[in-house]
Engineer: 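The structure's right below; bear with me while I get my questions together.
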Amino acid sequence: MAKPPVLTPQSDDFPRWYQDVVAKAEMADNGPVRGTMVIRPYGYSIWEQMQADVDRRIKKAGAKNAYFPLFIPESYLKREAEHVEGFSPELAVVTVAGGKTLEEPVVVRPTSETVIGEFMAKWVQSYRDLPLLLNQWANVVRWELRPRIFLRTSEFLWQEGHTAHASQEDGRLYAERILHDVYETFMRNVLAIPVVVGRKTVKERFAGATNTMTCEAMMGDGKALQMGTSHELGQNFAKAFDIQYLDSDGAQQHAWTTSWGVSTRMVGGLIMCHGDDAGLRIPPVLAPVQVVVLAVRDDDAVIERCRALAEELADADIRVELDVRTETSMGRRATDWELKGIPVRLELGPRDLTEGVVTLVHRVGGLKEPVALSGIVASVTEALATAQAALLAEATTRRDTHTVDVATITEATEAASTGWARIPWATLGLEGEAELAKSGVTVRCLVMPDGSLPASDSADGALAIVSRAY
RNA sequence: CGGGGAAUGGCGCAGCUUGGUAGCGCGCCUGCUUUGGGAGCAGGAGGCCGGGAGUUCGAAUCUCCCUUCCCCGACCA
């Protein structure tokens with residue numbers, strides 16, 4: 001009798017598959033409070049890898065890390081009208097603390113523009129203080145109506161960058177720099193996710209921003225996921241929080257601010273972009289464990305050789321884990337590592353040992369090949385590079401084959417049942433956008449035909465990428 | 001907030017119609033045999049059946065109230 005599949009097949013029920021993987025790969029559990037999640041060690045190690053890489057890139061772009069408080073005076077949120085309107089339904093508010101009703105309720109931050117704006121106002125006096133480039137790694141809370149683990153949780157982890165500039169131009173360039181040099185590059189080169197970078201429509205724009213830019217990724221089922229955003233906030237927050245500086249001519253000026261962030265949602269995106277019916281497939285550059293060395297049998301010589309092998313790989317700076325839990329069957333362990341998406345598995349048994357080889361199993365593609373024990377570092381290095389490239393190629397092919405050019409709203413809706421549609425923004429317009437929304441289809445972003453960012457909300461020739469989204 | 005479901009060992013479920021204080025699969029523990037793709041057999045541990053009130057000799061099961069969760073929709077950076 002055939003064994004039932006380890007996971008619900010993607011083609012049967014994609015959301016169910018996603019839930020299954022999250023549980024069986026030991027990524028996360030639901031928390032006790034609705035919408036919260038417990039990130040398990042394996043899931044957290046993936047987040048830590050993301051964090052480390054993104055943090056390095058942010059610092060390279062000149063921003064410095066700081067930390068602002070979790071609690072924000074409710075009055076701060078109210079200072080920027082559009083901002084408070086955008087958030088009020090999803091705010092968690094503390095009204096009682098220390099056994100007493102608070103004079104002024106405090107809000108658990110949904111994002112930190114307001115509190116950071118308040119302090120920027122204190123720190124910025126002169127044009128010489130600009131640009132002020134800050135970033136923080138923090139948790140934020142948004143009481144979402146429909147949570148989904150990693151994709152939309154009531155509390156999530158992220159990095160939020162906040163900057164103040166002397167001119168609109170400088171702010172815009174910095175927001176774009178973060179979008180391209182930090183987010184897009186990281187997603188493509190590390191996550192192996194070929195995101196489309198574009199400009200949000202007015203409807204989809206962040207509350208309080210003058211321009212919202214986004215990285216949109218296509219998931220395995222053809223739906224879109226916003227993986228990161230970068231906002232130009234204009235002078236909205238500078239005016240609300242009085243961030244002013246004296247320019248070189250001695251005149252008071254309001255600063256121009258930006259904000260930008262990526263979150264634990266990326267973990268969900270990674271799962272849904274690369275996962276298959278056997279589980280996760282983690283791109284090697286990101287993978288907390290790149291190689292697992294697996295002892296096939298309980299045999300002293302085998303286990304000893306496995307240890308030596310793992311050590312040799314670790315010495316070559318390959319992230320390796322040793323699995324000599326021979327009390328568990330070989331098949332079970334192989335399945336479990338596959339679920340976790342470890343890119344390369346080295347299986348070593350008595351047979352391999354006598355032949356001086358080890359069986360190298362590729363998670364991407366599934367190929368199994370005997371490779372010489374002597375040149376193992378080179379073989380593994382090559383296998384990792386191949387897997388990284390293959391994942392990006394696969395995701396790129398899917399994105400491209402599931403994106404079609406259309407001319408009408410009806411065609412766009414149709415195309416959105418299996419992927420993305422590209423339609424001239426001039427054809428669609430605000431009414432078309434509203435029309436699509438009725439069937440659950442949204443404009444993910446606007447892009448120019450050459451892939452660059454539209455310079456305005458109504459840039460000539462801009463194309464709308466429309467699809468269903470998570 | 002509207003519509004639909006559900007709450008029973010860690011997880012997934014059956015039992016309820018026709019009341020007699022729980023059962024299955026997976027997981028877990030012990031032992032033996034196994035181990036090259038989710039091991040097998042044997043023996044175990046583990047549940048005041050979401051909460052409260054009521055009917056009854058007796059309630060997982062019937063009645064009423066409450067709470068929570070899930071799905072669809074509205075909402076969402």
Side-chain angles (χ1 to χ4, degrees), chain A residues 1-8 13 15-16 19-20 23-24 26 29-36 82-83 85-91 109-113 140 142-149 151-154 156 158 160 200-209 211-216 225-233 259-263 265 278-279 294-299 302-303 323-339 345-355 357-359 361 363 366 368 370 437-440 442 444-445 469-470:
Chain A
M1 202 167 73
K3 290 187 185 86
V6 181
L7 302 167
T8 304
D13 185 345
R16 181 68 184 273
Q19 298 287 356
D20 282 2
K24 294 206 173 175
E26 301 179 331
D29 264 335
N30 283 310
V33 173
R34 180 191 149 79
T36 60
E82 197 189 334
H83 192 62
E85 213 172 285
F87 279 111
S88 56
E90 55 188 71
L91 292 180
R109 62 179 166 217
T111 178
S112 305
E113 275 77 4
V140 288
R142 297 175 188 182
W143 218 259
E144 299 288 357
L145 296 172
R146 253 183 89 186
R148 281 169 185 272
I149 203 156
L151 303 176
R152 195 182 301 108
T153 45
S154 303
F156 58 91
W158 76 344
E160 52 177 323
K200 284 289 187 187
T201 60
V202 175
K203 180 174 183 285
E204 300 284 329
R205 183 179 287 163
F206 172 61
N211 176 26
T212 291
M213 294 169 287
T214 177
C215 296
E216 298 285 328
L225 180 72
Q226 180 174 314
M227 300 272 290
T229 55
S230 187
H231 314 286
E232 284 183 76
L233 303 173
S259 69
W260 27 277
V262 292
S263 71
R265 171 183 277 191
L294 199 149
V296 170
R297 278 167 182 272
D298 187 8
D299 173 287
V302 165
I303 289 174
D323 181 356
V324 293
R325 295 135 55 218
T326 47
E327 71 281 358
T328 302
S329 78
M330 157 70 195
R332 158 67 67 169
R333 289 180 291 146
T335 304
D336 284 348
W337 291 119
E338 229 156 52
L339 272 167
R345 210 159 64 237
L346 293 175
E347 301 178 350
L348 186 76
R351 226 154 57 205
D352 302 292
L353 208 50
T354 49
E355 292 167 26
V357 299
V358 61
T359 304
V361 188
R363 178 63 181 85
K368 289 185 194 184
K438 289 179 192 163
S439 13
T442 52
R444 302 317 303 158
C445 62
Y470 281 99

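Each chain gets a letter, A, B and so on, in the order its sequence line appears, and its residues count up from 1.
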Engineer: Should we say atom CZ of A/Arg16 is surrounded by more than 12 heavy atoms from elsewhere, each under 6.0 Å from it?
Structural biologist: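 Not buried by this count: 12 neighbours or fewer within 6.0 Å.
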Engineer: Does A/Glu82 CD have over 12 foreign heavy atoms under 6.0 Å away?
Structural biologist: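 Yes - once you tally the heavy atoms of other residues, nucleotides and ligands closer than 6.0 Å, there are more than 12.
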Engineer: Rounding to a whole Å, what distance do you find between A/Asn30:CG and B/rU68:C1'?
Structural biologist: 14 Å
Engineer: Answer yes or no: side-chain N or O of A/Arg345 and base N or O of B/rG37 forming a donor-acceptor pair under 3.5 Å.
Structural biologist: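 Check passes, donor-acceptor contact within cut-off.
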Engineer: Rounding to a whole Å, what distance do you find between A/Phe156:CZ and B/rC76:P?
Structural biologist: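 Rounding to the nearest Å, CZ of A/Phe156 and P of B/rC76 are 15 Å apart.
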Engineer: Considering heavy-atom distances to RNA chain B, does A/Arg16 or A/Gly35 have its closest nucleotide positioned more toward the 5' end?
Structural biologist: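 Going by which nucleotide is closer to the 5' end, it is A/Arg16.
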Engineer: Rounded to whole angstrom, note down the C1' distance from B/rG2 over to B/rG54.
Structural biologist: 32 Å
Engineer: Can you tell me how far P in B/rU33 sits from the matching atom in B/rC71, rounded to whole Å?
Structural biologist: 48 Å
Engineer: Tell me the closest heavy-atom pair linking A/Arg444 and A/Lys200, and the distance in Å.
Structural biologist: O-NZ, 2.9 Å
Engineer: Counting any heavy atom closer than 4.0 Å, what does A/Glu327 reach on the DNA or RNA strands: base, sugar-phosphate only, or nothing?
Structural biologist: nothing
Engineer: Give one of base, sugar-phosphate or nothing for A/Trp158, where a contact means two heavy atoms less than 4.0 Å apart.
Structural biologist: base
Engineer: Just call it for A/Ser259: base, sugar-phosphate, or nothing, with non-hydrogen atoms closer than 4.0 Å on any strand.
Structural biologist: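 Since no nucleic acid heavy atom lies under 4.0 Å of A/Ser259, the category is nothing.
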Engineer: Can you check the distance between B/rG15 and B/rC62, where both ends of the measurement are the C1' atom (answer in whole Å)?
Structural biologist: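 Here B/rG15 and B/rC62 have their C1' atoms 16 Å from each other.
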Engineer: Starting at atom CG of A/Leu151, determine the distance to atom P of B/rC76, rounded to an integer number of angstrom.
Structural biologist: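 Rounded to whole Å, this separation is 18 Å.
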Engineer: Using every non-hydrogen atom in the two residues, find where A/Ser259 and A/Phe206 come nearest and quote the distance to one decimal.
Structural biologist: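 The answer is OG-CE2, 4.3 Å.
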Engineer: So, does A/Arg297 use its side chain to make a donor-acceptor pair with the main chain of A/Pro350 at under 3.5 Å?
Structural biologist: no
Engineer: On a plain distance test, is the side chain of A/Asp336 in donor-acceptor contact with the base of B/rG38 below 3.5 Å?
Structural biologist: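 Answer no: no donor N or O sits under 3.5 Å from an acceptor.
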Engineer: Taking atom P in both B/rC69 and B/rU8, what distance in whole Å separates the two?
Structural biologist: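 The same atom, P, in both gives a distance of 14 Å.
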Engineer: Is there a donor and acceptor pair closer than 3.5 Å between the side chain of A/Lys368 and the base of B/rG37?
Structural biologist: yes
Engineer: Nearest to the side chain of A/Thr326 - B/rG37, B/rU35, B/rA39?
Structural biologist: B/rU35
Engineer: Counting only side-chain heavy atoms from C-beta out, which of B/rA39, B/rG36, B/rG38 sits nearest to A/Glu347?
Structural biologist: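 It is B/rG36.
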Engineer: Could you measure between the two P atoms, the one in B/rA60 and the one in B/rG50, and give it in whole Å?
Structural biologist: 10 Å
Engineer: Can you tell which of B/rG38, B/rG36, B/rC76 lies closest to the side chain of A/Glu144?
Structural biologist: B/rC76
Engineer: Taking Watson-Crick (N1-N3 plus N6-O4 or O6-N4) and G-U wobble (N1-O2, O6-N3), each under 3.5 Å, can you produce the dot-bracket string of RNA chain B? Use [ ] for crossing pairs and | for inter-strand ones.
Structural biologist: (((((((..((((......[..)))).((((((.....)))))).....(((((..]....))))))))))))....
Engineer: If I take atom NZ in residue A/Lys24 and atom P in nucleotide B/rG12, what distance separates them, rounded to the nearest angstrom?
Structural biologist: 12 Å
Engineer: Counting side-chain heavy atoms from CB outward, which of B/rG36, B/rG38, B/rA39 is closest to A/Ser329?
Structural biologist: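 So the side chain of A/Ser329 is nearest to B/rA39.
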Engineer: Rounded to whole angstrom units, what separation is found between the CD atom of A/Glu338 and the C1' atom of B/rG38?
Structural biologist: 10 Å
Engineer: Would you say the base of B/rG36 and the side-chain of A/Thr359 have a donor-acceptor pair closer than 3.5 Å?
Structural biologist: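 For A/Thr359, whose side chain was compared with the base of B/rG36, there is a donor-acceptor pair (under 3.5 Å).
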Engineer: From the list B/rG37, B/rU35, B/rG38, which nucleotide is the closest neighbour of the side chain of A/Val361?
Structural biologist: B/rG37
Engineer: Got a second to check how far A/Glu90's CD is from A/Ser154's OG, nearest 0.5 Å?
Structural biologist: 10.0 Å
Engineer: Find the distance A/Lys438:NZ to B/rG73:P and express it as a whole number of Å.
Structural biologist: 17 Å
Engineer: Return the nearest nucleotide to the side chain of A/Glu90; candidates are B/rG38, B/rC76, B/rG36.
Structural biologist: B/rC76
Engineer: Is it true that a side-chain atom of A/Lys24 and a backbone atom of A/Leu339 form a donor plus acceptor pair closer than 3.5 Å?
Structural biologist: no
Engineer: Nearest 0.5 Å please: distance from the CD atom of A/Glu204 over to the CD atom of A/Gln226.
Structural biologist: 8.0 Å
Engineer: Between B/rU56 and B/rG27, how far apart are the P atoms? Round to whole Å, please.
Structural biologist: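 Result for the P pair: 47 Å, nearest Å.
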Engineer: If the C1' atom of B/rG9 is compared with that of B/rA14, how far apart are they to the nearest Å?
Structural biologist: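 Between the two C1' atoms, the distance is 14 Å.
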Engineer: Distance check needed: B/rC69 P versus A/Ile149 CD1, whole Å only.
Structural biologist: 15 Å
Engineer: For A/Pro147 and A/Ala334, find the nucleotide of RNA chain B closest to each by heavy atoms; which residue's nucleotide sits nearer the 5' end?
Structural biologist: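 With A/Pro147 and A/Ala334 compared, the 5'-side residue is A/Ala334.
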Engineer: Looking for any heavy atom pair under 4.0 Å, which part of the strands does A/Arg152 touch: base, sugar-phosphate only, or nothing?
Structural biologist: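 Base contact - A/Arg152 has a heavy atom under 4.0 Å of at least one base atom.
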Engineer: Provide, to the nearest angstrom, the distance between the CZ atom belonging to A/Arg332 and the P atom belonging to B/rU35.
Structural biologist: 17 Å
Engineer: Could you tell me whether a side-chain N or O of A/Asp20 sits under 3.5 Å from a main-chain N or O of A/Thr8, the two making a donor and an acceptor?
Structural biologist: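 The answer is yes, because a donor-acceptor pair under 3.5 Å joins these two groups.
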Engineer: Provide the distance between the two P atoms, one in B/rC41 and one in B/rG25, to the nearest whole Å.
Structural biologist: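 Result for the P pair: 11 Å, nearest Å.
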Engineer: Would you find a donor on one side and an acceptor on the other, under 3.5 Å apart, between the side chain of A/Thr153 and the backbone of A/Ile149?
Structural biologist: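 Checking the backbone N and O of A/Ile149 against the side chain of A/Thr153, no donor-acceptor pair under 3.5 Å is found.
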Engineer: Are any of A/Arg297's side-chain N or O atoms less than 4.0 Å away from OP1 or OP2 of B/rU35?
Structural biologist: yes
